[in-house]
Every structure is written in structure tokens, then in C-alpha cells.
Amino acid sequence: MILVTGATGSIGTHLVRRLRQDGAAFRALVRDEAKGRALGCDFAVGDFEDPGSIAAALDGVDRLFLNSAGALPVDGAQPMIRQQKTAIDAAHRAGVTHVVKVSVWHARQGAKLSQGAHWEIEEHLKASGLSWSLLQPAGYMQNFLGAGAFTPDGHLISSYADSPVAYIDCHDIAACAAALLTRPHGENETFILTGPHALTDADLAGQISAALRRTVTCVETPPDALATALKLQGLPPWFADDLAVLVKEVAAGSQATTTTAVHDLTRRPPRTFEDFLTAHLPALRALTASSAPA
């Protein structure tokens, strides 16, 4: 039995669908009962902030998909560290044998925000005595379905200059997780997951323009300018500055390399950005249409 945490998120929804198609025995962990019912599968209502609910959801489970919210603008240690460590400890007590954890590319000690937090969780998992697989994806294509990706008039916010990024569709992250959860391979291994191509912001704008059948340009917003804008929107200055550090790393090429991990795990190539745009075209149109020029 597999427990899927984050079951209604950008990765979890795809994973639930894949496991159901594969006929795997699994349970989805949700915070909202109505959303659990909508998934159409076995589910448990729980929350990372309620360790008792996690323990109950793990009853009869031998494999865990571990995924939660990312870095938050809060004082002190990131909540995700305590939450995921607690879940790992509960999994060990419940007799879980294997954990597939979603991390981030370049997770490392002392890094900013989620990179440093995920490194600390990874180390706890490795020391837990459980078998593990780590998924370290590049930037999500799904980030382009968020309002922060575009200006109010529907153009692409560009903070990476000419540096390409090997974006990945969350559909492929879920497919890799399903392979690791249902087949006996990948124990105690780390997989860097990317899409098939590394694309510059100009490349992205061109493909989005073709999909929307209107011109979408890049609006240059360097990392420090991005941090300033986020501060004006109310984010704590330290959080905005830390985010700018991570953006600068990507702009320097930290996610410019593609890997074969998706194909190695799933035996099929990862989705292209064009595939992603085709699959999500109505949502993209709705996101960019409200104030875009006719």
C-alpha cells in the first residue's frame, strides 16, 4: 500500500491518476474531505501539522510518497523541515520500507530557502534506516500557470536573461514517482529530473506566442528588481532577498543541463514545453487574457 501525500497538488494529482490507471493499491492524504472524495480513490484526511493524522494515514502502508509545501516567508526554521522529519519518523514506526521524496535540484547545506530545507530533510531520511529515492526536479512548467509569471498586460516576466532552464512538467515528476513506488529499483538513489530541452526566456515567449496566436514579449526583471517588487507586495525583505539569490543562480546556468532520468525511469521521453502548452492552453489563455491586448 502506497500513501500519497500532497495528493491534490501539482504533482500529486498526476500521481493519483497514474497509480489508479496502473491498478496500484494506494491511499491519498488530503486536508479537505471534499477534495478527497473528488479524487475517486481511497483517502485519509490529515495534515502535516497533526502528527496523529499522519500516523493514522500510514496504517497498513509500506511505501510513502513524501511531498509538501515549499519555503514560506516565516521567521525561524522552515516548517517543511519539522513536518517532513515528523512524517519520516512516523513512517519508520509504521513499518514503511521505502520513501520517495520530492526535493529540489541543488539541495545543499547552507543554501537559501527550500534548497537548504530539503537538504536537511534528505539527510534525516538517509539516516532514518528507511530505503529512499530522491527526486530533484528542475523548475516546474506549471509555474507558468501562476499569475506571477506574467505582467498585467500578459507578457512574460524574464529574470534569467539568456540562461536556459531545463523545465519539467509535473506530469513527468509523477510518472517517475510512480515507477519508483511500484517497481523494485531506485533504492537509495538520487534522480535529477529535467525536461528534454533547456529553454531561454526568449524561447519560452516564442512558444507561448505561437500557442496563444499573439505576440508575447519578455519583460526584463533582473533578480534584484524582482526582490524589490516582492517587497512592495508585502513579502519580508529577507525572504525576497533570499529568493533573488536563488534566481541569480538559475540565471548563471544552474539548471541549464538536461538529464535522461525521466526516460530512464519511465521508458519514454519527457514532455516538451509545447506539449505542456497544448495540455494547458485554456488555463494559459484565461491567465493572460484579462488585460492582454486584443
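For the numbers below, each heavy atom of this structure counts, side chains included, while hydrogens, waters and symmetry mates do not. Positions are given from 1 along the sequence. This is a predicted model, so every value here is computed, not measured.
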Would you please test Ile88 and Ile121 for side chain to side chain contact (heavy atoms under 4.5 Å, CB included) and show each step? CA-CA 9 Å; Ile88 290 166; Ile121 299 164; 3.9 Å; yes
- Residues Leu134, Lys126; criterion side chain to side chain contact (heavy atoms under 4.5 Å, CB included); working and verdict: CA-CA 10 Å; Leu134 297 176; Lys126 291 174 182 179; 3.8 Å; yes
**Message:** Working note: Phe150 + Leu156, criterion side chain to side chain contact (heavy atoms under 4.5 Å, CB included); need CA distance, chi angles, decisive distance, verdict.
**Reply:** CA-CA 5 Å; Phe150 296 92; Leu156 183 66; 4.1 Å; yes
Can you list the steps and then say if Ile54 with Leu3 is a side chain to side chain contact (heavy atoms under 4.5 Å, CB included)? CA-CA 10 Å; Ile54 301 297; Leu3 179 65; 5.6 Å; no
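Using a distance-only test at 3.5 Å, with no hydrogens or angles considered, no donor-acceptor pair links the side chain of Arg93 to the main chain of Ala55. In terms of modelled atom types and a separation under 3.5 Å, the side chain of Glu120 and the main chain of Ile81 share no donor-acceptor contact. Side chain of Ser53 to main chain of Asp47: a donor-acceptor pair is present (N/O by atom type, distance under 3.5 Å, no hydrogens or angles). When atom types are taken as modelled, the side chain of Ser159 and the backbone of Pro223 share no donor-acceptor pair closer than 3.5 angstrom.
One finds the CD1 atom of Ile168 at 4.5 Å from the CD1 atom of Ile173 (value rounded to the nearest 0.5 Å). To the nearest 0.5 Å, atoms NE2 (His98) and OG (Ser133) are separated by 3.0 Å. The distance from the CZ atom of Phe43 to the CD atom of Glu33 is 5.0 Å, given to the nearest 0.5 Å. The line from CG of Leu243 to CG of Leu235 is 8.0 Å long, rounded to the nearest 0.5 Å. Rounded to the nearest 0.5 angstrom, Thr97 OG1 and Trp132 CH2 are separated by 15.0 Å. Atom CG of Leu64 sits about 5.5 Å away from atom CG of Leu66, to the nearest 0.5 Å.
Between Asp241 and Lys231, some side-chain heavy-atom pair lies under the 4.5 Å cut-off. You'll find the side chain of His118 reaches within 4.5 Å of the side chain of Lys101, heavy atoms only. Using a 4.5 Å heavy-atom threshold, the side chains of Asp172 and Leu193 count as separate. Using a 4.5 Å heavy-atom threshold, the side chains of Ser128 and Asp89 count as separate. Residues Phe65 and Ile11 meet the side-chain proximity criterion, which asks for heavy atoms closer than 4.5 Å. Taking 4.5 Å as the limit, some side-chain heavy atom of Arg20 sits within range of a side-chain heavy atom of Phe26. The closest side-chain heavy-atom distance from Phe144 to Phe273 is below 4.5 Å. Residues Asp264 and Thr259 are not in side-chain contact: their nearest non-hydrogen atoms beyond the backbone lie 4.5 Å or more apart.
Side chains of Gln142 and Ser10: a donor-acceptor N/O pair is absent below 3.5 angstrom, by distance only. Checked by atom type, the side-chain pair Thr278/Asp275 shows no donor-acceptor distance below 3.5 Å.
One finds a salt bridge joining Glu49 and Arg82 here, because a Lys/Arg side-chain nitrogen approaches an Asp/Glu carboxylate oxygen to under 4.0 Å.
Annotation: Asp32, atom CG; neighbour count of heavy atoms from other residues, nucleotides and ligands within 6.0 Å is above 12. Within a 6.0 Å sphere centred on CZ of Arg268, heavy atoms belonging to other residues, nucleotides or ligands number more than 12. Around NZ of Lys85, the count of heavy atoms belonging to other residues, nucleotides or ligands within 6.0 Å exceeds 12. Other residues, nucleotides and ligands contribute at most 12 non-hydrogen atoms within 6.0 Å of the NZ atom of Lys112.
At a threshold of 4.5 Å between side-chain heavy atoms, the hydrophobic network of Ile, Leu, Val, Met, Phe, Trp and Tyr places Leu277 and Leu199 in one connected group. By the rule that hydrophobic residues join a cluster once side-chain heavy atoms approach within less than 4.5 Å of another member, Tyr167 and Leu212 end up as members of one cluster.
Across every non-hydrogen atom of Ala175 and Arg18, the tightest pair is CB-NH1, 3.7 Å.
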